[in-house]
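Numbering of ligands and ligand atoms starts at 1, following listing order. FYI, the numbering just counts along the sequence from 1. What you are looking at is a predicted structure, and each value in this text was computed from that prediction instead of being measured.
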Amino acid sequence: MSLSIGTGCPFCGTGCGLSVECTDKGFKVKGDKSNPSTHGDLCFKPIQMAKGLDANRLTTPLYRIHKSEPFREISWEDAITILADQIKILPLESLYFYLSGQLLSEESYLFTKLIKGYLGTNNVDANSRLCMTSAVVAHKMAFGSDGAVGNYADLDDADVILISGSNPAWAHPIIFRRILARKKSHPETQIIVIDPIRTESAEKSDLWLGLHSGSDTMLYNALLAEIDRRGGCDNDFISRSCEGFEQTLDAAQAIPYHEAIQSCGLSIDDTDILVDLFASDKKIVGLWCQGLNQAVDGVMRNLGFINLFLATGRINAHKGLPFSLTGQPNAMGGREVGYLSNALPGYRDVRNPADRIACEHHWNLSSDTISPEVGITITDAMDAIMENRIKLLWVACTNPLLTLPDVEKTKKALMNEDLFLIVQDCVMSETASLANLVLPTASWGEKEGSMTNSERFIKRVRRFKSPPNGAKNDSEIVCSVAKTLGFSGFNFVDTSEIYDEYKRLTQGRLCDQSTQEYENLSYQWGGERLYKNGVFATASRKAQFHPILSSAPQLNEDEFVLLTGRTKKQWHTMTRTGAIAELLKDEEEGCLLINPAEAKERGLSEGDRVVISNGLGKLCLPIRFGTLAYRHLFAPFGYPKTPINTLVPANNDPISFQSALKSACVKLTPSLDMYQY
Ligand SMILES: Nc1nc2c(c(=O)[nH]1)N[C@H]1C(S)=C(S)[C@@H](COP(=O)(O)OP(=O)(O)OC[C@H]3O[C@@H](n4cnc5c(=O)[nH]c(N)nc54)[C@H](O)[C@@H]3O)O[C@H]1N2
Ligand SMILES: Nc1nc2c(c(=O)[nH]1)N[C@H]1C(S)=C(S)[C@@H](COP(=O)(O)OP(=O)(O)OC[C@H]3O[C@@H](n4cnc5c(=O)[nH]c(N)nc54)[C@H](O)[C@@H]3O)O[C@H]1N2
Ligand code: SF4
Ligand SMILES: [Mo]
């Protein structure tokens with residue numbers, strides 16, 4: 001007997017629609033041709049994942065009073081009571097919650113309702129802080145609201161696809177496949193990649209701009225000034241639909257074009273190509289991801305990139321648009337339900353009295369229950385734990401020990417004996433191994449709900465197998481804790497009731513989905529593109545230019561820039577992909593990418609182990625050759641045995657508080673003893 005179940009992919013923000021064939025022999029994952037967003041396309045990751053669904057699963061709650069003790073198995077009833085008791089005993093201001101863009105919308109909504117509504121604290125954050133908050137803030141500053149503007153179909157008739165700080169060939173493979181399909185059917189289409197590494201995406205492009213890491217603002221300002229000088233700005237659009245252009249242009253003109261381009265490590269011949277394209281009528285779709293988001297000037301990099309599109313009237317189907325790619329499968333949904341420390345459901349903000357009242361009313365709470373104070377962010381929470389200001393941390397669906405900056409600091413915070421650490425995960429992650437209480441969860445394929453992808457398309461995620469005995473749904477865990485705390489408002493019969501309650505909070509908002517039925521949820525909120533007719537979500541209804549300060553950091557002579565990011569087949573900290581042989585092939589261990597010439601200068605060959613170090617620590621990695629900007633290295637961050645964030649300092653963008661995870665300064669020395677570290 002065989003049964004096909006329509007669902008969504010649990011990996012990247014492309015959000016492919018899948019169809020899972022369940023037979024006596026197991027599960028076969030295929031593309032769902034009826035999915036309007038991705039039309040049945042899919043990459044190898046979910047196909048392979050079906051082989052590892054049951055690997056290393058947790059099935060019993062685990063508990064210990066002191067972190068030095070071994071865990072003991074306890075019942076679910078005891079686990080929920082212990083957790084609820086801790087929440088009751090501890091002062092509200094000492095509680096903290098850390099969620100994930102890999103939770104389903106209904107799960108993140110329930111957490112938000114419990115924490116912000118019923119408990120009345122905004123001390124909650126999500127791993128989107130490490131991923132998308134610079135983009136979130138930039139969207140709000142430029143357009144008046146969060147929400148990616150673009151649409152995958154815009155790639156199908158683009159003349160130019162400009163990719164900056166993103167390697168979709170690895171990280172968003174189906175979006176990249178769509179780009180290559182356009183190139184194949186229309187060879188005149190130009191693919192241009194701005195990235196310090198000649199990535200697979202760059203390799204397959206028409207033009208690679210291998211800029212020095214951190215010089216994005218210098219580049220975008222220089223391009224803007226030069227486009228304007230050559231008469232390429234769309235002055236009609238600017239005066240009709242935008243504000244702030246003059247000051248922005250002034251800032252962009254601060255450094256002469258030639259000087260600016262040189263300090264980015266680029267050639268004028270190459271950047272002139274971009275200037276000409278922006279000054280033309282061609283349709284340009286601009287994609288970006290972590291190379292712009294994860295930086296101390298992440299918001300400014302985003303805004304600098306967006307400025308180029310606004311200045312040339314590119315917010316439409318006709319001439320193209322800027323399109324921020326989302327990393328995780330449901331970071332968009334998490335943002336919509338308001339899980340970040342400043343947000344409320346329906347793209348609302350805790351600082352806005354009307355927004356608080358709308359949620360309080362919806363949740364039958366008395367007025368002034370929701371706090372108007374923005375909660376602290378996850379990196380600040382680590383400091384607060386070390387200062388004993390936070391005494392309970394409930395982590396769900398993320399593995400912060402390896403993915404927050406400065407691993408030693410995170411470890412010290414999480415191991416603080418005064419911190420009661422709860423980790424809700426389907427496997428014994430590195431973070432779970434430090435916990436007081438581990439709550440075993442159901443995972444993808446075992447639970448129901450919805451997710452929103454990069455182009456704002458919402459789809460259902462369906463259950464096609466039972467969770468291992470003993471594992472519970474994330475939603476069920478939140479509701480059980482809420483009920484044990486004595487809160488009404490958490491008695492849901494099924495997931496559709498949770499969605500229905502949430503969707504009513506989106507009525508009249510940009511992410512309005514209030515008329516959708518849960519059963520066949522398949523909907524792109526906002527339509528194909530946002531801001532049709534040049535009307536924006538700002539108070540004046542005009543898009544906002546923001547002046548950007550140009551920067552292009554210089555390196556000390558004996559240092560390298562260590563870039564960090566992903567591999568093609570592994571997923572983050574490997575908990576979902578590390579046990580699958582096909583996905584481990586060629587990616588068995590962390591490695592360090594280096595230019596062959598720079599390696600040879602130091603007498604190094606491929607495979608040699610080297611030590612990279614800075615004031616935070618050191619790591620030993622085998623080297624591989626690649627093509628990168630001069631004095632740049634690259635290493636993937638997710639390998640537990642070589643946790644790269646050991647070397648990445650906890651520096652944040654001052655506006656988005658997103659951590660500058662994309663790079664760190666390191667020294668490189670040959671390893672004398674490869675087993676020493
Ligand atoms: N296989 C796989 N796919 C994934 C994931 C995974 O773990 N594995 N994770 C998903 C998630 S959550 C995310 S957020 C996305 C991330 O997707 P991407 O952002 O595309 O991937 P990264 O490897 O983090 O970084 C992208 C590029 O930014 C470049 N970069 C570094 N510094 C700079 C700079 O200063 N300027 C510019 N312009 N570029 C720079 C890097 O060289 C790198 O090639 O991937 C998603 N997809
Ligand atoms: N240096 C550096 N650091 C980075 C980045 C970088 O580019 N460079 N990228 C950052 C980015 S963009 C991201 S998104 C983060 C990702 O960082 P994390 O979110 O910390 O990494 P994951 O490995 O995806 O962790 C997800 C956890 O959820 C568990 N899980 C899976 N399914 C379920 C479920 O259904 N329920 C529950 N409760 N748990 C489940 C998994 O077992 C795993 O332990 O890393 C960030 N850190
Ligand atoms: S491109 Fe992303 S969403 Fe699509 S199948 Fe691959 S991992 Fe899943
Ligand atoms: Mo991410």
Could you work out, for atom 23 (O) of ligand 1, the closest of R301, R566, R198 by heavy-atom distance?
R566
Note: ligand 1 atoms sitting under 4.0 Å from heavy atoms of K45 are 1 (N)
Distance under 4.0 Å to a non-hydrogen atom of S164: what atoms of ligand 1 satisfy this?
38 (N)
What orientation do W525 and Y347 show, parallel under 30°, tilted 30 to 60°, or perpendicular over 60°?
perpendicular
Where is the nearest protein heavy atom to atom 27 (C) of ligand 1: which residue, which atom, and how far?
D195 OD2, 3.3 Å
Atom indices of ligand 1, in the order listed, that fall short of 4.0 Å to a heavy atom of D216:
34 (C), 35 (O), 36 (N), 37 (C), 38 (N)
I want to verify a count. Protein N, O or S atoms less than 2.8 Å away from atom 4 (Fe) of ligand 3, how many are there?
1
Under the rule for side chain to side chain contact (heavy atoms under 4.5 Å, CB included), what residues qualify as partners of S324, not counting sequence neighbours?
M132, A135, H139, W288
May I ask which of F637, F11, W288, W571 has a heavy atom nearer to atom 4 (C) of ligand 1 than the others do?
W571
Listed partners of S19 passing side chain to side chain contact (heavy atoms under 4.5 Å, CB included), at least two apart:
S4, D32
Out of R576, Q570, K568, Q294, whose heavy atom is nearest to atom 8 (N) of ligand 1?
Q570
Using the salt bridge (Lys or Arg N to Asp or Glu O under 4.0 Å) rule, collect all pairs that involve residues 567-578, keeping only residues at least two apart or in two chains.
E200-K568
